[in-house]
Amino acid sequence: MKAVVFHDVGDVRVDDVPDPAIQQPTDAVVRLTGTALCGTDLHFVRGSMGGMRPGTVLGHEGVGVVEEVGSGVRNLAPGDRVVIGSTVSCGACSYCRAGYTAQCDRANPNGPLAGTSFFGGPETTGPVDGMQAELVRVPFAHTTAVRIPDEVADDDALLVSDILPTAWFGAELAGTHHGSTVAVFGAGPVGLMAVASAQLQGAGRVLCVDREPDRLTRARDLGAETVDLAGEDVVEVLRDLTGGAGPDAVIDAVGVDAVGPDGQPDATSATELELAAVAKAGTVSLIGVYPPEVQQFAIGQAMNKNLTLRMGNCNHHRYIPDLLRRVRTGEIAPARIISQDMDLTDAVEAYRTFDQHGRGWQKVVFDPSA
């Protein structure tokens, strides 16, 4: 089959690789009808998140049709349309039962203390081959894959694989409530979905910070009040918009590959601005990816403002069924942020252009069957 394969930092290729097969009774093999490119994938290609094993198939977002199930999968059958959560979870351990499916004790073959297992990630996450491919093996398919309602289109379901649940999780971590003012840093796909999620969770006002004009336009289209990192003093503007106090909560949808106001890479610039801008006794929700190698954080500033810091990897299975229902009823339409629909064989070009912040490139989806 064709798949997007990591070879080295800066070296991604579309290769022919062996088809996946059932390895455990709780596995399924899914023929993908849609997959996507995420900013997290760029962390591996840029080298800002290390530990990738050459030969790993990339991608952690997917929808498709079940081709085969193991004997332990009792809720799926060949022919079912499914969305595959980005993180793997068994559904049976104490963490899964408590809703912390990203911290499943059984999913990561490196052991219960190894942390989150997700598709297409580094050695520490499994690794599990990803979904930028024609076929994928889904571990613990009875919980990792969820059937898609007939009324939900593939593109909408695809964004329920990762970015929408991650954004919803981020708005929850921020303590979003009726009337609250929430600032979202980053107007990429997760940031835009965080704007929509905060609104649906009752925020009175949602502010959005970015430096790319086309992304700020999309955030305004969703109803956010926008702040231009490239041309404005973000902290001053956010305070001015909130009567001098700052927003009640901040959602970091940027992560380790943040850039500063000058456009240059600066891994700590987003968190420094967020801690400075949020109101005293406010909450900072970190859902942008920060790998273990990142060791810097302005903890003294956070302590002296009595801030609450909440962070982590999204517990995908906890949110996917409910979000599919919200999509089915029309409460939210995540596919509206898709900007490019490409053949999987064009993935290398997509990685290159997306990495260079191509104008108008927001969310790229691939058709593995083309």
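Side chains are part of it too, since the values below use all heavy atoms of this structure and drop only hydrogens, waters and symmetry mates.
Nearest heavy-atom pair across A133 and P368 is O-CB, 3.3 Å. Closest approach of P189 to I163, counting heavy atoms only: CB-CD1, 3.7 Å. Of all heavy-atom pairs spanning P247 and L238, the tightest one is CD-CB, 4.3 Å. Of all heavy-atom pairs spanning C90 and C104, the tightest one is N-SG, 3.3 Å. Between G121 and F44, the shortest heavy-atom distance links the atoms CA-CZ, 4.1 Å.
Partner of F366 under the side-chain contact (heavy atoms from CB on, under 4.5 Å) criterion, chosen from L158, T35, D343: T35. A side-chain contact (heavy atoms from CB on, under 4.5 Å) with L216 is found for one member of V209, D221, L229, T226 and no other, namely T226.
The CG atom of N75 sits 8.5 Å away from atom CZ of R147, with the distance rounded to the nearest 0.5 Å.
A side-chain N or O of R220 and one of T217 form a donor-acceptor pair less than 3.5 Å apart. A side-chain donor from one of T33 and D154 sits under 3.5 Å from a side-chain acceptor of the other.
Ion pairing of K2 with D15 is absent here, as no side-chain N (NZ or NE/NH1/NH2) approaches a carboxylate O to less than 4.0 Å. R326 has a carboxylate O that lies under 4.0 Å from a charged side-chain N of D322, or vice versa, which qualifies the two as a salt bridge.
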Open item on the list: Before you tell me yes or no, could you show the steps for K280 and N306 under side chain to side chain contact (heavy atoms under 4.5 Å, CB included), namely the whole-Å CA-CA distance, both residues' side-chain angles and the distance that decides it to 0.1 Å?
Closed with: CA-CA 6 Å; K280 294 184 294 183; N306 280 48; over 6 Å; no
